[in-house]
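Have a look at the structure below before the remarks.
So you know, we letter chains A, B, ... as the sequences are listed, proteins then strands, and number each from 1. Hydrogens, waters and symmetry mates are skipped; everything else that's a heavy atom, side chains included, is used.
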Number of protein chains: 2
Amino acid sequence: MPDGYDPGAFEPFAVTVDLAVFTVRQGALHVLLVERGEEPYAGWWALPGGFVRPRESAEEAARRELAEETGLDADAITALHFEQLRTYSEPDRDPRMRVVSVAFAALLPALPEPLGGGDAARAAHVPYGTVHDLAFDHGRILSDAHRRIGAKLEYSCLATSFCPPEFTLGELQGVYETVWGTALDRPNFRRKVLATPGFVEQVDGPPRRSGGRGKPAARYRAGPANALHPPLLRPEGRPE
Amino acid sequence: MPDGYDPGAFEPFAVTVDLAVFTVRQGALHVLLVERGEEPYAGWWALPGGFVRPRESAEEAARRELAEETGLDADAITALHFEQLRTYSEPDRDPRMRVVSVAFAALLPALPEPLGGGDAARAAHVPYGTVHDLAFDHGRILSDAHRRIGAKLEYSCLATSFCPPEFTLGELQGVYETVWGTALDRPNFRRKVLATPGFVEQVDGPPRRSGGRGKPAARYRAGPANALHPPLLRPEGRPE
DNA sequence: GGCTTTTATAGTCACTGTGACTATTAATGA
DNA sequence: TCATTAATAGTCACAGTGACTATAAAAGCC
């Protein structure tokens with residue numbers, strides 16, 4: 001922050017938040033998008049988001065906007081994993097005026113959702129990669145978010161954020177395979193997850209079946225650990 | 001970005017950049033700080049930074065401000081490793097008005113610097129950790145930056161950014177030890193660095209001595225690689 | 001009932017990378 | 001000349017992982 005400060009000398013900026021909200025449903029990675037109703041980019045898909053209000057931080061604005069767009073209750077939003085990605089500030093990213101946007105990534109379990117009230121009318125979970133033209137620079141924000149989430153799965157226990165409160169190791173493995181787009185060896189994945197203290201905890205009681213074939217799987221819940229040491233690297237390549 | 005957009009309805013924000021500029025000199029990690037001349041926090045140390053101008057991005061503002069504060073020439077600034085950290089947007093982080101700040105981390109080789117002209121009069125490279133009270137929330141920004149840089153050394157080839165164009169493996173190891181605050185085993189460090197293709201390249205010619213004792217070290221320059229796979233983990237603990 | 005199919009779980013084996021060392025080489029200064 | 005210092009070379013055991021094979025427990029079909 002410089003000296004030579006004059007409260008009237010700065011140029012006014014609008015500050016917004018943009019959200020990349022990911023879910024894994026039916027084995028495919030989905031993103032929450034809204035359809036724009038106004039120019040510019042009327043009718044285009046865009047990331048949910050909105051203005052930061054005078055008395056809230058960008059983080060608070062992000063959670064508020066997500067609540068408005070999805071209709072999820074406040075408790076569910078509070079529990080979500082929210083992560084600041086980066087800030088996009090190119091002067092012409094919005095043709096109307098100077099808008100600086102703080103981008104966030106959020107991970108949502110694939111629970112049945114209302115997606116009803118308020119601004120949510122035009123919001124939808126869209127399979128990642130099926131929409132190629134997003135409004136503004138949202139395509140770039142979304143691909144940055146996807147890369148970040150993929151990298152973060154490697155060295156954190158974040159994958160459980162995509163899962164319901166109780167899940168099987170097969171479902172957890174499915175999260176990794178879906179986000180990374182690669183197949184993993186099941187016994188090795190299992191060994192790695194169970195060897196990491198605090199990643200998952202087994203739930204007592206009979207292995208509930210949800211009605212599939214094959215041997216019923218044991219159920220687990222997320223453990224207290226956050227970091228994954230050593231990391232669980234994806235098969236091929238570079239994380240970036 | 002929402003609909004219901006009215007160019008006059010948003011509240012104006014000031015957008016600034018704050019810079020955490022690190023160097024390694026004489027075996028100690030240093031940070032570039034400036035002494036504030038005005039209230040609030042007159043006489044306090046603060047991170048260098050300033051307003052984002054109407055026609056520049058936050059990245060451009062960060063490089064411009066660093067040039068102004070240090071007197072480094074444009075080419076040197078362009079070559080620097082700059083990294084966006086995160087954005088700080090708490091409503092009361094600046095008591096005067098609503099200021100949203102995009103924080104950057106930069107890595108500077110410990111070259112003899114002018115540090116003379118322009119705003120640079122009150123700028124100094126201060127050993128990291130010796131100043132505990134920084135203006136605004138700059139103390140928090142600085143510790144976030146330090147943590148990020150430390151983590152990034154593990155899985156990237158960033159350490160060479162702290163070094164002059166030619167350096168010895170001992171100097172490179174010193175960067176790691178200084179940033180992490182831990183000692184590393186020299187033969188193992190050497191083996192790891194040389195086993196990573198593209199991390200460093202040996203410079204031909206006689207091993208220049210800069211006048212110390214012991215066997216003269218071979219000289220290296222930074223290679224083309226960016227990522228470190230597998231990572232070079234620090235001895236003890238968690239990266240976060 | 002016995003079969004096949006499907007999925008979960010258990011276990012093996014070789015190889016890579018690393019931590020913790022020891023040994024050697026090449027310079028300096030007393 | 002010799003101790004000192006720092007760079008470089010090499011050794012050894014072990015943890016973690018990739019690529020497997022084998023067994024267990026369910027469902028669906030004849």
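- Below 30°, between 30° and 60°, or above 60°: for Tyr155(B) and Tyr155(A) the angle between ring planes is below 30°, a parallel geometry.
- With hydrogens and angles disregarded, a donor-acceptor distance shorter than 3.5 Å links the side chain of Trp180(B) to the backbone of Gly150(B).
- For DNA chain C, the residues of residues 186-197 of chain A within the heavy-atom distance limit of 4.0 Å (strictly under) are Arg186(A), Pro187(A), Arg190(A), Arg191(A), sorted by number.
- Of the candidate nucleotides dA27(C), dG28(D), dT18(C), dG28(D) has the atom lying nearest to any side-chain atom of Arg213(A).
- Electrostatic pairing of Arg140(B) and Asp137(B) does not count as a salt bridge here, judged by no charged N lying under 4.0 Å from a carboxylate O.
- With dG17(C), dC20(D), dC21(C) as the candidates, the nucleotide lying closest to the side chain of Pro230(B) is dG17(C).
- Between Asp185(B) and Leu232(B), the residue whose closest nucleotide on DNA chain C is further toward the 5' end is Leu232(B).
- Rounded to 10°, the helix from dG1(C)-dC30(D) to dA30(C)-dT1(D) has 10° between the axis fitted to its first five pairs and the one fitted to its last five.
- Ring geometry, His146(A) versus Phe22(A): the interplanar angle falls from 30° to 60°, so the pair is classed tilted.
- Remark: Arg219(A) does not engage Glu201(A) in a salt bridge, criterion side-chain N to carboxylate O under 4.0 Å.
- Rounded to whole angstrom, the span from the OH atom of Tyr155(A) across to the P atom of dG16(D) amounts to 21 Å.
- Note on Arg93(A) versus Asp18(A): salt bridge recorded, some NZ/NE/NH1/NH2 to OD/OE distance being below 4.0 Å.
- Scanning for salt bridge (charged side-chain N to carboxylate O under 4.0 Å, His left out) contacts around Arg63(A) gives an empty result, with sequence neighbours left out.
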